Amino acid sequence: MTPADLSAAIVRILAELQADGRLGEGALPAEVVVERPKNRDHGDWATNVAMQLAGKFGMKPRAFAELLSTELSKVAGVEKVDIAGPGFINLTLSAAAAGELAKAIVEAGDAFGLGTDLAGVKLNLEFVSANPTGPIHMGGTRWAAVGDSLARIFEAQGADVTREYYFNDHGAQIDRFARSLLARAKGQDAPEDGYGGAYIQEIADRVLAETAIDVLNLPEAEAQEFFRSNGVELMFQEIRESLHDFGVDFDVYFHENSLYESKAVERAIERLRELGHIFEAEGAIWLRSTTFGDDRDRVIIKSDGDAAYIAGDIAYYLDKRERGFDQCIYMLGADHHGYVPRMLALCAAFGDEPGKNLEILIGQMVNLVRDGEPVRMSKRAGTVVTMEDLVSVVGVDAARYALARSSIDSQLNIDLEQLQKKTNDNPVFYVQYAFARTKQVAKNAASLGVDHSEFDPSLLSHETESELLAKLTEFPRVIAQAAEFREPHRVARYIEEVAGTYHRWYDQCRVTPLSGAAVESVHRTRLWLNDAAGVVLNNGLRLLGVSAPERM
RNA sequence: GCCCCUAUAGCUCAGGGGAUAGAGCGUCGCUCUCCGGAGGCGAAAGCGCAGGUUCGAAUCCUGCUAGGGGCACCA
């Protein structure tokens with residue numbers, strides 16, 4: 001008996017009441033809210049349905065609640081029904097009805113928590129997409145952690161997810177990158193508008209070391225092109241390795257340049273021209289994006305004949321749609337939020353539905369601080385902290401967890417000193433420790449002859465057992481909501497609660513008998529609950545891309 | 001000037017209309033005679049300001065204040 005079961009039971013009862021005339025005519029909801037009350041005195045579960053619906057049926061909330069509670073008390077597994085306050089209906093389940101879940105979770109194992117909300121949806125999730133002009137910074141690192149988790153959560157809801165990285169290897173910033181490499185290779189300072197940092201020297205050296213050609217004596221343009229193509233490739237490899245070490249592997253690394261080489265840009269513009277959204281003015285080619293809510297029209301092909309950045313976006317979006325993606329989700333940093341209207345406009349210009357076929361998630365900046373001051377610690381990148389810097393200090397698990405446990409709408413301040421000095425303080429260890437404890441308990445149980453041969457859920461009657469069962473029940477809903485709202489941090493916060501609830505239960509209820517005492521049904525039954533908690537912690541950590549070590 | 005995000009405990013952050021606003025860390029107490037004390041229990045401590053909507057607002061709306069990020073024929 002779960003809150004979802006109770007919700008369904010209430011919906012069914014309402015329909016029956018209406019059918020036999022005890023409830024007036026009116027639309028009934030498809031589901032009702034059944035929540036864990038904050039105050040345990042209010043029972044195991046509570047619903048506000050009476051307050052929500054009474055008005056629609058011309059009744060007072062408490063009268064509505066009376067009508068409903070009479071029928072609810074007849075439902076198997078429901079031990080007690082109370083009406084409280086303005087019309088809350090508080091439900092108490094029998095221990096047996098609540099406890100069944102422990103076994104169900106263990107038997108479901110890795111599959112516990114999975115849903116079907118996104119079954120059959122072909123979804124493209126683009127994230128990180130850092131320019132290949134340097135190592136991945138903290139912004140990209142946050143996206144790597146959040147994006148990969150979100151992909152896992154979508155998959156847990158049945159979506160067919162493609163993780164995609166848009167590799168901006170075309171345009172002016174690449175030229176600046178190439179000029180910077182060339183300058184450093186010649187022992188000169190980086191150009192005014194170029195890139196600094198020790199990594200430029202490293203890449204330049206590697207380009208020279210990996211070729212037999214006397215690059216530095218080539219004509220300037222040829223030398224720059226040589227550094228461009230080889231430097232970008234080296235940077236690309238390095239980014240891919242950093243991401244892989246971070247536990248993030250993309251299905252598709254899409255090269256912007258390929259859109260130009262394949263003439264996809266021209267085709268996309270032609271398509272928009274046919275749709276009547278292109279015009280020419282001042283020697284440039286424009287997208288009339290104001291038709292679709294943008295605050296100004298956008299230049300696609302500049303008057304000098306070069307493509308503006310949005311040209312690639314247009315072709316890229318069309319390409320994604322032609323590859324069969326129903327939903328294209330872009331994750332961008334706050335510094336790109338000005339892009340949202342034009343991206344949604346180009347989606348609409350193709351006749352698609354903005355917000356559905358194309359959706360943009362904006363994430364706020366992340367800062368590393370020490371004593372309240374921004375940290376600039378990277379030896380390689382000079383002024384910024386890279387993904388590798390962070391991982392080298394706190395490790396992958398702590399880094400991913402710290403970045404994924406907060407809403408992307410919040411700017412994040414991560415205190416490096418704290419994570420550096422005492423990594424035990426990181427919440428990820430609290431969760432991992434709880435999981436390790438479930439494993440240790442199971443191991444001890446096995447050695448003392450406590451096995452899974454018995455399961456009597458009515459024995460799970462301790463207050464902490466009720467709490468733990470209720471918490472574990474929520475997992476499927478947490479995943480569904482994390483997917484719906486695109487908020488992986490919900491999973492992190494949830495497993496922290498599970499860990500706390502588990503610890504409290506552990507403190508009160510022994511799985512193994514005291515020395516000399518006999519193994520009883522209650523021990524065997526509790527082993528199921530212990531293992532159920534382990535399943536949920538493990539599944540939750542997996543959704544975040546964080547390891548679940550059996551011992552720490 | 002316009003746009004986006006944020007403002008909750010000493011710190012980092014949850015809380016998406018419900019009952020007494022939570023967690024981790026930090027501070028101060030208590031708790032190892034039995035499954036890992038990296039745990040548990042308790043205490044002190046908080047919704048930026050002003051209106052509005054609602055039976056009910058941290059949550060929705062408006063204004064203000066403060067912080068961050070944006071407003072190119074750059075990418």
Side-chain angles (χ1 to χ4, degrees), chain A residues 33 35 37-39 41-42 46 48 51-52 55 61 84-88 90 131 133 168 170-176 193 256 281-286 295-296 298-304 306-310 312 333-341 362-365 367 369 372 402 405-415 418 422-434 436-437 439-445 447-448 450 481 484-485 487 489-490 492-494 496-497 499-500 502-517 523 526 530 551-552:
Chain A
V33 177
E35 287 178 322
K38 284 170 187 158
N39 187 335
D41 296 338
H42 294 146
N48 62 0
M51 288 176 290
Q52 298 283 347
F88 288 103
N90 296 327
N131 284 345
T133 52
N168 298 115
H170 182 94
Q173 92 280 8
I174 293 297
D175 294 336
R176 287 201 295 273
D193 60 351
E256 181 187 11
E282 302 161 41
I285 296 176
W286 299 67
D295 58 352
R296 69 179 67 175
R298 302 291 169 180
V299 168
I300 302 176
I301 303 296
K302 297 185 275 187
S303 52
D304 65 5
D306 283 351
Y309 188 74
I310 195 175
D335 53 340
H336 284 76
H337 96 267
Y339 258 50
V340 174
I362 297 296
Q364 300 301 311
M365 300 290 163
N367 303 303
V369 296
R405 74 186 288 266
S406 293
S407 163
I408 59 169
D409 287 338
S410 295
Q411 289 180 50
L412 204 50
N413 289 317
I414 293 182
D415 190 327
Q418 187 180 24
K422 18 184 184 175
T423 51
N424 289 359
D425 294 345
N426 192 299
V428 73
F429 292 103
Y430 182 76
V431 177
Q432 285 179 321
Y433 178 70
R437 185 175 251 182
K439 288 299 179 185
Q440 191 60 37
V441 167
K443 188 180 287 183
N444 293 336
S447 69
L448 291 170
V450 178
Q481 290 199 331
E484 180 185 356
F485 298 123
E487 290 182 344
H489 77 270
R490 287 167 179 272
R493 299 298 172 153
Y494 168 74
E496 287 172 29
E497 291 172 10
Y502 173 77
H503 285 313
R504 281 184 284 280
W505 171 70
Y506 168 91
D507 203 56
Q508 296 285 324
C509 301
R510 294 186 59 92
V511 172
T512 56
L514 290 174
S515 60
H523 302 118
R526 282 177 179 163
N530 176 78
R551 50 185 351 144
M552 301 179 63

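Naming convention: chains lettered A, B, ... in sequence-line order (proteins, then strands); numbering from 1 in each chain. Since we're looking at a predicted model, the values are computed, not measured.
Using a 4.0 Å heavy-atom criterion, one finds that A/Arg510 contacts the bases of the nucleic acid, with or without backbone contacts as well. The residue A/His170 sits close only to the backbone: its heavy atoms come under 4.0 Å of sugar-phosphate atoms, none of a base. Looking at heavy-atom distances under 4.0 Å, A/Arg526 makes no contact with the nucleic acid at all. Here A/Arg298 lies out of heavy-atom contact (under 4.0 Å) with every strand. Backbone-only engagement by A/Ala172 is indicated by non-hydrogen atom pairs under 4.0 Å involving sugar-phosphate atoms exclusively. Using a 4.0 Å heavy-atom cutoff across all strands shown, A/Glu487 reaches at least one base atom of the nucleic acid. Among the heavy atoms of the strands, none lies under 4.0 Å from A/Gln508. If you check every strand for non-hydrogen atoms under 4.0 Å, A/Leu448 touches nothing.
Under the side chain to side chain contact (heavy atoms under 4.5 Å, CB included) criterion, A/Pro37 pairs with A/His42, A/Ala46, sequence neighbours left out. For A/His503, the side chain to side chain contact (heavy atoms under 4.5 Å, CB included) test picks out A/Tyr430, A/Tyr433, A/Ala434, A/Arg437, with sequence neighbours left out.
Stem regions for RNA chain B, each three or more consecutive Watson-Crick or G-U pairs with both distances under 3.5 Å and listed by first number, read B:1-7 with B:65-71, B:10-13 with B:22-25, B:27-31 with B:39-43, B:48-52 with B:60-64.
Each of A/Tyr309 and A/Met365 was matched to the nucleotide of RNA chain B holding its nearest heavy atom; the match closer to the 5' end belongs to A/Met365.
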Pick out the pairs of N or O atoms, protein on one side and nucleotides 28-33 of chain B on the other, that lie under 3.5 Å.
none

Give me the distances for all protein-to-nucleotides 17-20 of chain B N/O pairs that come in under 3.5 Å?
unit_1 : atom_1 : unit_2  : atom_2 : d
B/G18  : N7     : A/Asn48 : ND2    : 3.2
B/A19  : OP2    : A/Lys38 : NZ     : 3.0
B/A19  : N6     : A/Asn90 : OD1    : 2.8
B/A19  : N1     : A/Asn90 : OD1    : 3.2
B/A19  : N1     : A/Asn90 : ND2    : 3.3
B/U20  : O4     : A/Asn39 : ND2    : 2.2

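With values rounded to the nearest 0.5 angstrom, A/Asp175 atom CG is found 12.0 Å from A/Thr133 atom OG1.
Applying the 4.0 Å criterion to OP1 and OP2 of B/A14, one finds that A/Arg405 has every side-chain N and O outside that range.
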Can you give one letter per nucleotide of nucleotides 4-9 of chain B, 5' to 3': B if a protein heavy atom sits under 4.0 Å from the base, S if only from the sugar-phosphate, - if neither?
BSS---
